[in-house]
Amino acid sequence: MNKGKKVTAFQQRVYDAVRLIPAGYVSTYGGVARFLGVRSARAVGQALRRNPFAPQVPCHRVIASSLAIGGFNGRRRGAEIRRKLALLAAEGVAFERGRLKDAGRLWNFRKGS
DNA sequence: TACAAGCAATAGT
DNA sequence: ACTATTGCTTGTA
C-alpha cells in the first residue's frame, strides 16, 4: 500500500479504516474516530484532508455526522465539493442540498470486516 | 438555526 | 517546544 509517501501511524490507521468503506456507502468522521479509538473527529478530518493517496483512500466516502457533505480537497465548499458529490452520486449515494438524502447509506463499520 | 466549548493531530514558527 | 489551524461533534439558547 503506502510507498514513498511518508505518513504518520495515525494517518495510516485512518486510511486503513476508510478503505474498509464499500462503494455505495458513506461513513462519518466521528464514526471513523470511534472505530480507531480516538475521541476527536477532527483528527480524522485532518488526516483525510492531508491524504496523499487520492482514489486509493475514498475520502469522499466520509461525511459529517449531520449528514453534511463535509469537505473535499481542503475545501468545505466550492467546485471541489461538487466533485465529491459527483463521486458519491456515481456510487449510488444521493445527496440533496449538500446533505445526504438517504441516511440508510451510512456505513457503521465492524460488519463486513 | 446560530454560537461556544471540547477534542486530537499536523504544520509552521 | 509553542502556537495556530483544521474536511468535526455535541450541547444550549
Side-chain angles (χ1 to χ4, degrees):
Chain A
M1 46 154 135
N2 162 7
K3 271 169 259 272
K5 303 291 193 189
K6 217 165 62 121
V7 297
T8 64
F10 187 76
Q11 275 174 303
Q12 183 124 54
R13 240 169 277 163
V14 173
Y15 302 144
D16 186 51
V18 173
R19 274 187 301 170
L20 296 175
I21 305 171
Y25 282 86
V26 293
S27 188
T28 63
Y29 299 101
V32 176
R34 286 185 322 180
F35 178 68
L36 296 176
V38 304
R39 262 145 165 206
S40 178
R42 267 188 158 169
V44 176
Q46 277 299 42
L48 286 173
R49 148 185 178 302
R50 299 244 175 228
N51 117 19
F53 320 95
Q56 196 173 136
V57 177
C59 35
H60 59 268
R61 281 182 207 152
V62 185
I63 62 173
S65 66
S66 301
L67 305 185
I69 183 59
F72 193 57
N73 205 260
R75 311 303 180 125
R76 295 190 321 200
R77 334 184 40 158
E80 300 297 326
I81 289 298
R82 83 180 165 179
R83 279 200 29 229
K84 175 173 178 176
L85 286 166
L87 285 166
L88 289 169
E91 294 180 348
V93 183
F95 272 80
E96 181 73 51
R97 258 183 67 240
R99 319 269 171 206
L100 182 62
K101 192 176 184 182
D102 188 356
R105 297 268 105 83
L106 286 171
W107 183 250
N108 298 269
F109 271 112
R110 186 195 215 173
K111 222 198 258 192
S113 51

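Just so we're on the same page: letters track the sequence lines, and every chain starts at 1.
- If you take CZ of A/R39 and C1' of B/dA9, they are 15 Å apart, rounded to a whole angstrom.
- When all heavy atoms of A/Y25 and A/V93 are compared, the closest pair comes out as N-CG2, 4.1 Å.
- A/R19 and A/D16 are joined by a salt bridge, as a carboxylate oxygen and a charged side-chain nitrogen come within less than 4.0 angstrom of each other.
- Across every strand in view, C/dA13 sits in a pair with B/dT1 that passes the Watson-Crick or G-U test at under 3.5 angstrom.
- For the pair A/R34 CZ and B/dA8 P, the computed distance is 15 Å after rounding to whole Å.
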*Under the side chain to side chain contact (heavy atoms under 4.5 Å, CB included) criterion, do A/I81 and A/R76 qualify, and how do the steps go?*
CA-CA 7 Å; A/I81 289 298; A/R76 295 190 321 200; 5.6 Å; no

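- Place A/Q46 and A/S65 on DNA chain C by their nearest nucleotides, and A/Q46 ends up nearer the 5' end.
- Nucleic acid contact class of A/V62 (heavy atoms, under 4.0 Å, all strands): base.
- Here C/dT5 presents its C1' atom at 15 Å from CZ of A/R75, a figure rounded to the nearest Å.
- Among the heavy atoms of the strands lying under 4.0 Å from A/R50 are primed sugar atoms or P, OP1, OP2 only; no base atom is included.
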_A/L48 vs A/Y29, test: side chain to side chain contact (heavy atoms under 4.5 Å, CB included). Steps then yes/no._
CA-CA 9 Å; A/L48 286 173; A/Y29 299 101; 3.8 Å; yes

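- Contact annotation: A/T8 reaches the phosphate of B/dT10 (side-chain N/O to OP1 or OP2, under 4.0 Å).
- Counting to the nearest Å, the C1' atom of C/dT6 and the CD atom of A/Q11 are 13 Å from each other.
- Rounding to whole angstrom units, CD1 of residue A/I69 and C1' of C/dT9 are separated by 17 Å.
- Among the protein residues, A/A41 comes within range of the sugar-phosphate backbone only, with heavy atoms under 4.0 Å from sugar or phosphate atoms but none that close to a base.
- In terms of position on DNA chain B, the residue among A/A9 and A/R42 whose nearest nucleotide sits closer to the 5' end is A/R42.
- A/R76 has its CZ atom 10 Å from the C1' atom of C/dC8, to the nearest Å.
- Considering every non-hydrogen atom in both A/L100 and A/A94, the closest pair reads CD1-O, 3.6 Å.
- One interatomic measurement links the two molecules: CG of A/L87 to C1' of C/dG7, which rounds to 15 Å at whole-angstrom precision.
- Distance A/Y29 OH to B/dT10 C1': 16 Å, rounded to the nearest Å.
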